[in-house]
Each structure stands twice: as structure tokens, then as C-alpha cells.
Amino acid sequence: MTESFEVFTPKRVVEELDRYIIGQDKAKRAVAIALRNRLRRKRLPEAAREEIAPKNILMMGPTGVGKTEIARRLAKLCGAPFVKVEATKYTEVGYVGRDVESMVRDLMAAGYRMVMEEMAARVKDEAEKRTEERLLELLLPGLGAKPDAAAPAGPAAAASPSAANWFAAAPAAPKDGAKPAIAPSKGNDTREKFRAMLRDGLLEDKEVEVQVSAQAAPSVEMFAGQQMEDLESAFSGIASIFGGKKKKKVVSIKDARRIILEEESERLVDKDRASAEARERVEQSGIVFIDEIDKIATREGRSGGMDVSREGVQRDILPIVEGSKVNTKYGVVDTTHVLFIAAGAFNVSKPSDLIPELQGRFPIRVELEALSASDFVRILTEPENALVTQYCQLLSTEGVELVFESAAVERLASIAEKANSRTENIGARRLHTIMERLLEDVSFDAPEMSGQRVDITPDFVEGRFKGIFESEDLAKFIL
């Protein structure tokens, strides 16, 4: 899907998010309004458009309640460049670690990949035609090649030794008495026969020799520091000036088709245009999700080097969120209209512990609620990617039919709620642990159980979790 003013009404966005995420209506409404305001801004005159900044969002809530998933699904829904980063990765200027500007470089790289994939899809038909001609050249070098046929732009790729034998074994064209036309007719007929065999998939396992770029990455780990992205860009620039190394490789036609198709697609796509389009999309539609923002908050009554570093990271993030120009290998990116969504559990610190300037850049505050047993029941059964559905699909590949009774699902939900209350509250992630323990024996024995049906009843659930909560330490280790 792409952003459309008619399609992406706030109500429709919330409905789409409801397909994958249970509850958290306040957070869904907040991101839906933020997306709608972005679309409204695009319909304004340019002078007014530049004055309207995005309303960044701060999500507060325990882990595993859907903060990251809401942002990820929103970006996927509207086809926007998206990147998730963790605030704890970064250090302030002067310390060894990642520079905060790298989040913008990561976002730009994601946008560039997105645009390149779209452009490659648009030239796919032409790329496939060129790929077919190059494969025929590999199989039958120089035979019946048309002057306008797409030939390899790089060094000529040699056919495997067995290609000549295939050609020699090919049936001769019928003699029709016109001797001058026999040779070209034979060559063209043979080429067309091989073309038909290629299209029918009869030559997929035949081996040919192609030349591919040697992907030898430079060893730059010794320079670990803040400007690794700049080093990477410099090395890639040097490689493009002197030309990448080529090496010969014997591969099957199936693999050769993939390699050549990638080369031809890349050759047909205008990289400068892709960079410009990706930069425009990132600046106008990009979404950066900054997780663990609470971990860099300076808690009241505490001081020290670590806290100074935390505050330094906040001050470095501030200009990025406010709007600044960041140099990337695809061009300079302006972050003024990028949407930033920050999230954190805030179980130790609180939003007011962030520096005031950074607080002011996240005007929308949304508190996500802890999940209850009723929420767990819905998470297990309702979404399109529900856990119960996933496990039924996985075991169906072994011929095992899993059938969950509703009472059993409710019992699993209550166990998850109890485990979260007695140990650390990790939200819906607890369900993964519980489902794995529940189906451990079935998953292990599934290859010998083909054709059988397994009913997951409340008694089955009790048998798997009996005695775990009787010991606090046992519950912590197992669940």
C-alpha cells in the first residue's frame, strides 16, 4: 500500500492495526492521527507545508505490550521508510560508540533499498529478456547472436566445456536444398531450441561459468568509533573508482539466472534518480522508532559519569529530532519532517527525567496498558498471525492436526498473566515461552505422529504446567 488521502483515514488505520495488535486503542489513535496530519500537510501549499512540523510521539508502557509493533505496522501500512533503533546504542560525541546521526543514515539506507526494489520491479520484464539472451550466450557463445541482443557489459563470460558437446549433439536442421541458408538457419534454430529449453526449465541444473564481483569487504574493525559509516562510504567510493574485482565462478543455470538478473536490473535502474526519490521519501514520510529512550534518562538524585553520558546522548539526539541536515552516502537528508516515535518502559525513570528540550520535541504522550488475561486470549486467537494459528500451521507440515479448546486457551492466558505478575512483566512475549513448553513433546515427536490429531484441553495444559508455580524459583527459571 502507498499513502493515499482517501484511503488512510484515522478510522481505517486503526482497523488495519487491529488486525495484528490487540488493545492499546490510545496508542493506535495517536499514530493514526499523526499519519493523517502528515497526509494533510502534503495537500497544503509549499509555503504553509514547510511551517508544519510533525508531532512526535512518546509511548510509555511495559515491555511486550505492542509499542514497537504499532510503529512497524504503521510504516508497513503506508509504505514509509522505517528504522528501529535503540537509544542505548549511542554515545555522546567524544566516546567510542555509534554516532546518533547513524540513525538517519540507517533510515536513508532503508529508503534507498525500498525505492531500488520498486524500480527493479518496474524494469523486471526488460531485465528478464536481457538475462535470457546472456544465458544463451553462455550456452552457445557467438552462435546466432543478434546484433541488438543484450550482451554482457563486463568481460565476456565463458561457457562450460560441456556446452560445445550439447551443440554438437543438437539435431541438424532439415535440408531444403538451399545450401547458402543452411548455416544461419541451423544456428538460429539451435538458439531457439535452447531458448525453449530454458523457458521450460530443462537446463536448470546445467553448469556454466560466469564472472561475478568479488565481495571482499575491507577489514576496518580496527577503526571502531563514531564515523564507521563515513569509512564505509569512503571504501565503497574507492571501489567504484578503481572498479571491483571480478572472479570466475561455475554455477548452475538456475543460479546464473539470479546473478545475471540482479546485474541487469541494477544496470537498468537509474541510481541517481533512485537516490533522489529515496531522499524525498525519507524526508517527507520517514519514521524513526527510538526504543529504550527511558534508559538514557537522568534519574533524580543520581549523578556520575554514566548519567553525564546519558544526558550527552539526549543532547546529541535533540538536533536530529528538532530537524537538522545529515550527510549520508546518498546525499544530505533533512530530518525536519521525519516522524520520531520514542518508547520506553519508564519503570525506573519517568518522562520528566529527560532533558526539557527533548521532552518538548515529543508533544504527544501515550501510555500503553499492561496486558490482562482477556488480552492474552485475544492475542492467542484473533490476529492474522495469532500464535495458535502459527503452531497449527507448523505442525500441519508433519501431518499432525492440533485442535485447541477455548477453555484451554483461557487457561494458557491465565498462566501467562500469573507468570507476569509473579516474575518480570514481559507482556505478550511470555506467551512464546508458554506455548513452547506446552507443545514441547508434541513438536519433538511430530515426525512419528503423522496423521494423528492432538486435542489441547484444559487437562493437557494442567499436565504440562503442574507444580511450576509452587516454587517461586522454578517459575522464574521455566517461565
Note to self: Can you pull out every ring pair (Phe, Tyr, Trp, His ring centres under 6.0 Å) where at least one residue sits in residues 9-64? Sequence neighbours excluded, please.
What the structure shows: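 The answer is none; no pair qualifies.
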Notebook entry, point to check: Are R12 and E16 within salt-bridge range, i.e. N to O under 4.0 Å?
Noted result: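 Yes, R12 and E16 are salt-bridged.
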Margin query: Could you check whether R281 pairs with E277 (Lys NZ or Arg NE/NH1/NH2 to Asp/Glu carboxylate O, under 4.0 Å)?
Written below: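 Salt bridge between R281 and E277, a charged N being under 4.0 Å from a carboxylate O: yes.
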If you measure from [atom1] on [X] to [atom2] on [Y], what distance do you get to the nearest 0.5 Å?
X    : Y    : atom1 : atom2 : result
R130 : L261 : CZ    : CG    : 12.0 Å
I293 : F340 : CD1   : CZ    : 10.5 Å
I320 : Y90  : CD1   : OH    : 9.5 Å
L439 : L394 : CG    : CG    : 10.0 Å
R122 : L268 : CZ    : CG    : 12.5 Å

Next item on the list: Go through the structure and list residues passing ring-ring contact (aromatic ring centres under 6.0 Å, His included) with Y330, not counting sequence neighbours.
Entry: Y112
Looking only at atom types and distance, does a side-chain atom of [X] sit under 3.5 Å from a main-chain N or O of [Y], one as donor and one as acceptor?
X    : Y    : value
E292 : A87  : no
T335 : S324 : yes
S265 : E262 : no
K350 : V348 : no
N420 : E417 : no
K84  : D291 : no
R38  : S285 : yes
E322 : R361 : no
T131 : A127 : yes

Does [X] reach the side chain of [Y], with side-chain heavy atoms less than 4.5 Å apart?
X    : Y    : value
I33  : V13  : no
P54  : V338 : no
R72  : E69  : yes
L368 : I70  : yes
V282 : M114 : no

Atom pairs and distances, side-chain donor-acceptor, residues 44-52, under 3.5 Å, sequence neighbours left out:
unit_1: R49; atom_1: NE; unit_2: L44; atom_2: O; d: 3.4
unit_1: R49; atom_1: NH2; unit_2: L44; atom_2: O; d: 3.0

side-chain contact (heavy atoms from CB on, under 4.5 Å) with [X]: which residues, sequence neighbours excluded?
X    : value
I355 : E311, Q314, R315, E357, L358
D375 : I22, L371, S372
K418 : R422, F469
S414 : R411

[X] to [Y] - nearest heavy-atom pair and separation:
X    : Y    : result
I434 : A416 : CD1-CA, 3.3 Å
M435 : L380 : SD-CD2, 4.1 Å
F289 : A343 : CZ-CB, 3.5 Å
F404 : V388 : CD1-CG1, 3.6 Å
A274 : M116 : CB-SD, 3.7 Å
F8   : L39  : CB-CD1, 3.7 Å

Check: Please, which pairs that meet salt bridge (Lys or Arg N to Asp or Glu O under 4.0 Å) have at least one residue in residues 362-373, sequence neighbours excluded?
Finding: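 Every pair satisfying salt bridge (Lys or Arg N to Asp or Glu O under 4.0 Å) with a residue in residues 362-373: there are none.
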Item checked: salt bridge (Lys or Arg N to Asp or Glu O under 4.0 Å) partners of residues 378-392, not counting sequence neighbours, each pair once -> R19-E384, R378-E382
Item checked: Over 12 foreign heavy atoms within 6.0 Å of CD, E204 ->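 Atom CD in E204 is crowded, with more than 12 foreign heavy atoms closer than 6.0 Å.
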Item checked: K271 atom NZ, neighbour heavy-atom count above 12 within 6.0 Å -> yes
Next item on the list: Start with the C-alpha distance between V288 and D106, add both sets of side-chain angles, then the distance that settles side chain to side chain contact (heavy atoms under 4.5 Å, CB included), and finish with yes or no.
Entry: CA-CA 10 Å; V288 176; D106 292 342; over 6 Å; no
Check: For I379 and L387, what are the C-alpha separation, side-chain angles and deciding distance, and is it a side chain to side chain contact (heavy atoms under 4.5 Å, CB included)?
Finding: CA-CA 7 Å; I379 291 170; L387 275 179; 5.6 Å; no
Note to self: Run R267 and E264 through salt bridge (Lys or Arg N to Asp or Glu O under 4.0 Å) and show every step you take.
What the structure shows: CA-CA 5 Å; R267 197 170 284 131; E264 292 298 339; 2.9 Å; yes
Check: Could you go step by step and tell me if E440 and R464 meet the salt bridge (Lys or Arg N to Asp or Glu O under 4.0 Å) rule?
Finding: CA-CA 9 Å; E440 181 182 5; R464 291 297 298 157; 3.3 Å; yes
Next item on the list: Output all residues satisfying side-chain hydrogen bond (donor to acceptor under 3.5 Å, both in side chains) with Q390, sequence neighbours left out; order by chain, then residue number.
Entry: none
Check: Listed by chain and number, what are the side-chain hydrogen bond (donor to acceptor under 3.5 Å, both in side chains) partners of E436, not counting sequence neighbours?
Finding: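 Listed in chain order: Y391.
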Checklist line | Qualifying side-chain hydrogen bond (donor to acceptor under 3.5 Å, both in side chains) pairs with a residue from residues 23-33, counting only residues at least two apart or across chains | finding: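 For residues 23-33, and leaving out neighbouring residues, the side-chain hydrogen bond (donor to acceptor under 3.5 Å, both in side chains) pairs sorted by first residue read D18-K28.
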